[in-house]
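Okay, structure first, notes after.
Position 1 is the first residue of the sequence; numbering continues from there. Since this is a predicted model, take the numbers as computed values, not measurements. First listed ligand is number 1; within each ligand, the first listed atom is number 1.
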Amino acid sequence: MTLKKVPGRFITFEGIEGCGKSTQTRLLADYLSSRGLKVLVTREPGGTRLGEAIRKLLLDPANAGRIDPRVELLLYLASRQQLLAEVIIPARAAGKIVLCDRYEDATLAYQGAGRGLGMEKIRRLLKFLPLRVQPDLTLLFDLDPAEGFRRIRKAKKTLDRFEREKLDFHRKVRAGYLRIARAEKKRVKVINAALPVKEVYRQVVKIASQTLSSNLTR
Ligand SMILES: Nc1ncnc2c1ncn2[C@@H]1O[C@H](COP(=O)(O)OP(=O)(O)OP(=O)(O)O)[C@@H](O)[C@H]1O
Ligand SMILES: [Mg+2]
């Protein structure tokens, strides 16, 4: 594979809580770095000083029921605009492969489908934002929310504001994600996240490598 010549690319990792986004982001970053590629890993919300401050507000359980869903939406967008300006756009311009743990699809799935603000409404809103970069590839780790919860409870002592939402909320989020995948088959690849880490990783590497090499001839 001629991965060495890959120019700056943008891959996003999506899915419900506990589906394995962070695990797979790290594994793919290690894989690509070990092949001599320049990789930058970041996450949402956060990834910048301002974004991490917004992340704290958004995930703080003390804010449960105290952030209007429309304001929640705007906080995510603010964090993302800063991340694009400060991190994603410069890194891509420098030829790096940017791996982002959550991105725009999370806004559509969580605030659009989960909170019920409407996916299409948010899609229209996104078009007005000053900074936008379309991912070259989005990996959607599809998992039953009940299993996601089992994993998180096993791994963590305290749950954040979203992890405290009811199962029904997470079912809506999952359905929202799958709706995006059906509409954008070329960009969004669905991976069965119920499989063991190693098997999920094998698929991640296969799909990411295909995208990275096919982009060479674009
Ligand atoms: N395929 C898998 N099978 C079983 N356990 C897994 C798998 N992938 C990840 N895990 C475990 O599940 C937990 C959650 O994984 P991880 O943090 O990667 O998920 P996440 O999608 O980033 O979650 P969050 O949305 O909360 O950030 C971790 O303890 C991780 O080790
Ligand atoms: Mg994570």
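Residue contacts with ligand 1, taken as heavy atom pairs separated by less than 4.0 Å, do not involve Ala194 at all. When heavy-atom distances to ligand 1 are checked against a 4.0 Å cut-off, Glu199 has no atom that comes that close, whether in backbone or side chain. By the criterion of a heavy-atom distance under 4.0 Å, neither the backbone nor the side chain of Gln24 is placed next to ligand 1.
Proximity to Glu163 (heavy-atom distance under 4.0 Å) selects the following atoms of ligand 1: 26 (O). Below 4.0 Å from some heavy atom of Thr23 lie the following atoms of ligand 1, by number and element: 9 (C), 15 (O), 16 (P), 18 (O), 30 (C). Listed by atom number, the atoms of ligand 1 under 4.0 Å from Arg102 heavy atoms are 25 (O). When each atom of ligand 1 is checked for a heavy atom of Ala193 under 4.0 Å away, the hits are 1 (N). Proximity to Ala155 (heavy-atom distance under 4.0 Å) selects the following atoms of ligand 1: 29 (O). Contact atoms of ligand 1 toward Pro196: 1 (N) (distance under 4.0 Å to a heavy atom of the residue).
Counting protein heavy atoms only, atom 8 (N) of ligand 1 is closest to Val197 CG2, 3.5 Å. Summary of contacts: the protein heavy atom closest to atom 23 (O) of ligand 1 is Gly18 N, 3.0 Å. The protein non-hydrogen atom at the shortest distance from atom 22 (O) of ligand 1 is Ser22 OG, 2.8 Å.
The residues Lys21 and Glu14 are annotated as not salt-bridged, no charged nitrogen and carboxylate oxygen being separated by less than 4.0 angstrom. A salt bridge links Asp136 to Arg92: one of the charged nitrogens lies within less than 4.0 Å of a carboxylate oxygen. Using a 4.0 Å cut-off between charged side-chain N and carboxylate O, Glu17 and Arg102 make a salt bridge. Ionic pairing of Arg43 and Glu52 is present here: one or more N-O contacts between side-chain nitrogen and carboxylate oxygen are shorter than 4.0 angstrom. A salt bridge links Arg132 with Glu104: the distance from a Lys NZ or Arg NE/NH1/NH2 to an Asp or Glu carboxylate oxygen falls below 4.0 Å. Ion pairing between a basic and an acidic side chain is recognised when a charged N comes within 4.0 Å of a carboxylate O; Arg49 and Glu86 show no such pairing. Ionic pairing of Asp142 and Lys189 is not present here: no N-O contact between side-chain nitrogen and carboxylate oxygen is shorter than 4.0 angstrom.
For a threshold of 3.5 Å applied to N or O pairs, the pair formed by Cys19 and ligand 1 contains at least one separation below that value. Taking distance alone, with nitrogen or oxygen atoms compared against 3.5 Å, Gly20 approaches ligand 1 more closely than that limit.
The closest heavy-atom contact to atom 1 (N) of ligand 1, among the options Leu195, Thr25, Val200, comes from Leu195. In this structure, of Lys21, Glu17, Arg43, the residue bringing a heavy atom nearest to atom 21 (O) of ligand 1 is Lys21. Taking all heavy atoms of Arg151, Glu147, Glu14 into account, the minimum distance to atom 6 (C) of ligand 1 is reached by Arg151.
Under the ring-ring contact (aromatic ring centres under 6.0 Å, His included) criterion, the residue pairs touching residues 65-105 are Phe10-Tyr103, with sequence neighbours excluded.
Asp101 and Ser22 are linked by a side-chain donor-acceptor pair at a separation below 3.5 angstrom, with hydrogens and angles left out of the test. For the 3.5 Å distance criterion, the side chains of Tyr31 and Arg26 fail to qualify, holding no donor opposite an acceptor.
Residues forming a side-chain hydrogen bond (donor to acceptor under 3.5 Å, both in side chains) with Glu44 (at least two apart in sequence, or on another chain): Arg80. By the side chain to side chain contact (heavy atoms under 4.5 Å, CB included) test, Asp168 is found to be paired with Lys172, residues two or more places apart in sequence or in another chain being considered.
For the pair Gly15 and ligand 1, no heavy-atom separation below 4.0 Å is found.
Protein atoms of type N/O/S that fall under 2.8 Å from the Mg ion (ligand 2) number 1 in this view.
Residues Phe162 and His170 keep their aromatic ring centres 6.0 Å or farther apart.
In terms of heavy atoms, Gly51 sits closest to Thr48 at N-OG1, 2.8 Å. When all heavy atoms of Leu83 and Gly46 are compared, the closest pair comes out as CD1-O, 3.6 Å.
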